[in-house]
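Read through the structure below, which is laid out as structure tokens, and then see the notes.
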Number of protein chains: 2
Amino acid sequence: MSEQSAPVAPSDAQQLLATLRLDRSSPVPLYFQVAEALEKAITEGVLPPGTRLDNEILLAEQLGLSRPTMRRAMQYLVDKGVLVRRRGIGTRVVQPKVRRPLGLSSLYEDLAASGQKPTTTVLSLKVEPATAELAATLGVEPGSEISVLVRLRSAAGRPIARMCNYLPHTISGLAEALDAEALERQGLYQVIRSVGVQLHAADQTIGARTATAEEAKLLGERRGAALLTMQRTAFDDHGRIVEFGSHLYAASRYSFALSMLA
Amino acid sequence: MSEQSAPVAPSDAQQLLATLRLDRSSPVPLYFQVAEALEKAITEGVLPPGTRLDNEILLAEQLGLSRPTMRRAMQYLVDKGVLVRRRGIGTRVVQPKVRRPLGLSSLYEDLAASGQKPTTTVLSLKVEPATAELAATLGVEPGSEISVLVRLRSAAGRPIARMCNYLPHTISGLAEALDAEALERQGLYQVIRSVGVQLHAADQTIGARTATAEEAKLLGERRGAALLTMQRTAFDDHGRIVEFGSHLYAASRYSFALSMLA
DNA sequence: TAGTGGTCTAGACCACCGA
DNA sequence: CGGTGGTCTAGACCACTAA
């Protein structure tokens with residue numbers, strides 16, 4: 001009595017099923033075709049938040065699929081935060097507020113999404129011997145060659161971030177692929193992927209400090225202004241360190257957005 | 001030729017299989033029993049990083065399981081970042097550096113892990129009518145009652161964070177469960193869970209600014225010192241807003257650690 | 001070519017929930 | 001009690017990778 005049950009549409013999934021065409025000859029897995037169609041129906045409002053879906057057995061036979069395949073499609077959306085399932089209860093569409101894309105949104109994505117076109121300038125790109133400290137964080141021998149990259153990211157004509165990246169030469173082809181023009185056009189991570197590196201995980205630390213006179217000038221802030229700092233170590237499939245980045249953001253115009261499931 | 005293949009132990013999993021006892025009468029799922037045993041063997045060094053595991057069919061029959069069950073155990077560890085699988089290649093144990101716990105580490109966990117025992121003081125706990133702005137973020141009517149909680153977190157005898165939390169009274173029993181003594185002992189989220197609320201997702205924004213004189217005094221910093229700010233909205237299963245928090249951290253002594261899979 | 005993981009099927013039994 | 005999702009089985013075919 002204390003809580004009102006959310007709105008329930010008994011079998012609205014019917015509308016969906018009519019329009020859903022599965023392509024069994026497609027290389028796209030069936031469970032993924034179903035999941036995409038379901039998610040599209042949800043984001044387009046065909047299945048509004050709070051809708052209770054038919055149970056997985058019924059849905060499976062309506063689509064001509066086995067239960068495990070239907071189940072996998074639904075589980076995919078549960079992991080994505082779009083659906084919620086409770087044993088003995090059923091499956092429901094979650095409220096839209098909870099449906100932000102997961103993970104840490106990158107600077108570029110944020111700015112692109114807000115309509116301002118960000119630009120990148122390569123301030124410096126060279127090969128240097130690693131200092132003891134950098135060698136330790138990159139897991140290479142001190143003095144071995146590493147690529148050092150400094151970029152300035154701007155949005156709406158104003159500088160917003162200075163990004164320093166250090167890349168060990170332990171990954172073949174990476175050092176050669178680093179090119180100022182390519183970096184300004186497509187971003188560091190795209191370049192890294194283009195040489196066949198599979199990014200696997202990243203450790204990031206976010207902090208803050210006040211700006212030095214030099215930093216303030218570069219970012220168009222006052223001396224002593226608050227800056228956000230982010231340091232990131234990225235690993236590939238084999239556990240090799242691909243990149244270490246130390247970035248600086250003007251806090252008055254930038255913040256990190258982070259969405260996660262409990 | 002360009003890259004050396006990682007160390008491979010052909011069938012070391014044998015050692016594991018000898019000690020693995022599956023309890024089919026346990027309420028713990030078989031796939032989870034297997035996954036836990038595998039993970040334990042990995043963290044204890046029985047299966048060192050880089051080890052190639054036997055294929056899932058072989059492992060399944062050695063354990064007397066079906067392939068889907070064995071597969072699910074392995075997939076669980078892949079999702080957790082402990083294993084890496086590649087079609088046509090096999091399954092391998094990832095390097096330990098990549099294996100930090102995922103997600104945003106909380107203040108309490110960080111401090112507890114580093115040996116300093118954090119303490120919490122409730123500065124204020126009252127029920128007030130919601131301002132227009134707060135009502136909007138909490139999704140309630142302006143003027144409706146909300147709980148307002150202000151806490152001071154300290155570590156090693158020094159204040160480190162001021163946390164303001166706003167909780168709407170839309171969830172039955174929550175307002176009554178908020179108790180200064182309980183909050184100092186077990187943390188806000190534990191109290192929330194104790195009244196049967198299933199946390200589902202959270203949106204967080206991390207930024208920075210300089211401290212006002214008052215904030216600096218409270219946190220033991222100089223005026224104008226850099227502060228980290230974090231705002232969080234937490235949702236439950238039904239998409240209801242459970243809590244909104246606006247927190248302030250002394251940046252000289254605190255930072256956020258964030259680990260994620262690509 | 002041989003071996004791997006990726007996908008899919010068609011059943012089965014159980015634990016949990018609400019009425 | 002009936003309905004739900006959670007787990008498990010014993011097969012099958014396919015795509016990708018390396019040698």
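All chains are named by letter (A, B, ...) in the order of the sequence lines, taking the proteins before the strands, and each is independently numbered beginning at 1. Since the structure is predicted, the reported quantities are computational estimates derived from the model, not experimental observations.
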A:Leu63 has an atom CG; how far is it from atom P of C:dT9, in whole Å?
11 Å

Please confirm whether the shortest side-chain N or O distance from B:Thr69 to OP1 or OP2 of D:dT7 is below 4.0 Å.
no

Would you mind checking if A:Arg86 and B:Asp237 are paired as a salt bridge, meaning a charged N to carboxylate O distance below 4.0 Å?
yes

For the backbone of A:Leu65 and the side chain of A:Thr69, can you confirm whether one donor and one acceptor N or O come within less than 3.5 Å of each other?
no

Let me have a per-nucleotide readout for nucleotides 11-19 of chain D, 5' to 3', with B, S or -, counting only protein heavy atoms under 4.0 Å.
-B--BBSS-

Salt bridge or not for A:Glu56 and A:Arg85, using N-O below 4.0 Å?
yes

Nearest whole angstrom, please: distance from the C1' of C:dG5 to the CE of B:Met70.
13 Å

Short side-chain N/O contact from A:Arg72 to OP1 or OP2 of C:dT7, under 4.0 Å:
yes

Does A:Arg71 place a side-chain N or O at less than 4.0 Å from the phosphate oxygens OP1/OP2 of D:dG5?
no

What is the distance from CD of A:Glu56 to P of D:dT7, rounded to the nearest Å?
11 Å

Spacing of A:Asp79 atom CG relative to D:dG6 atom P, expressed in whole Å
11 Å

Between A:Arg52 (CZ) and D:dT4 (P), how many Å, whole number?
6 Å

Taking side chain as C-beta onward, heavy atoms only, is A:Leu134 less than 4.5 Å from A:Ile146?
yes

Can you check the A:Leu58 CG to D:dG3 P distance for me, whole Å?
12 Å

When you check the phosphate oxygens OP1 and OP2 of D:dT4, does a side-chain N or O of A:Asn55 lie under 4.0 Å from one of them?
yes

For A:Val82 and A:Glu39 the tightest heavy-atom approach is CG2-OE2, 4.0 Å

Could you list the residues that satisfy ring pair (Phe, Tyr, Trp, His ring centres under 6.0 Å) with A:Tyr76, not counting sequence neighbours?
A:Phe32

Can you list the residues that meet the ring pair (Phe, Tyr, Trp, His ring centres under 6.0 Å) rule with A:Tyr166, with sequence neighbours excluded?
none

When the distance from CG of B:Leu53 to P of C:dG5 is rounded to whole Å, what number comes out?
9 Å

Residues which pass side-chain contact (heavy atoms from CB on, under 4.5 Å) with B:Asp79, listed by chain and number, not counting sequence neighbours:
B:Gln75

Quickly work out the A:Gln75 CD to D:dT7 C1' distance and round it to whole Å.
12 Å

Report yes if a side-chain nitrogen or oxygen of B:Thr91 is closer than 4.0 Å to either non-bridging phosphate oxygen (OP1 or OP2) of C:dG5; otherwise report no.
yes

Heavy atoms within less than 4.0 Å of DNA chain D: which residues of residues 25-35 of chain B have one? Give them sorted by number.
B:Pro29, B:Leu30, B:Tyr31

Quick one: is C:dT9 close enough that its OP1 or OP2 comes under 4.0 Å of any side-chain N or O from A:Arg24?
yes

List, one per line, each side-chain donor-acceptor pair under 3.5 Å for residues 194-202 of chain B, sequence neighbours excluded.
residue  : atom : partner  : partner atom : Å
B:Ser194 : OG   : B:Val191 : O            : 2.5

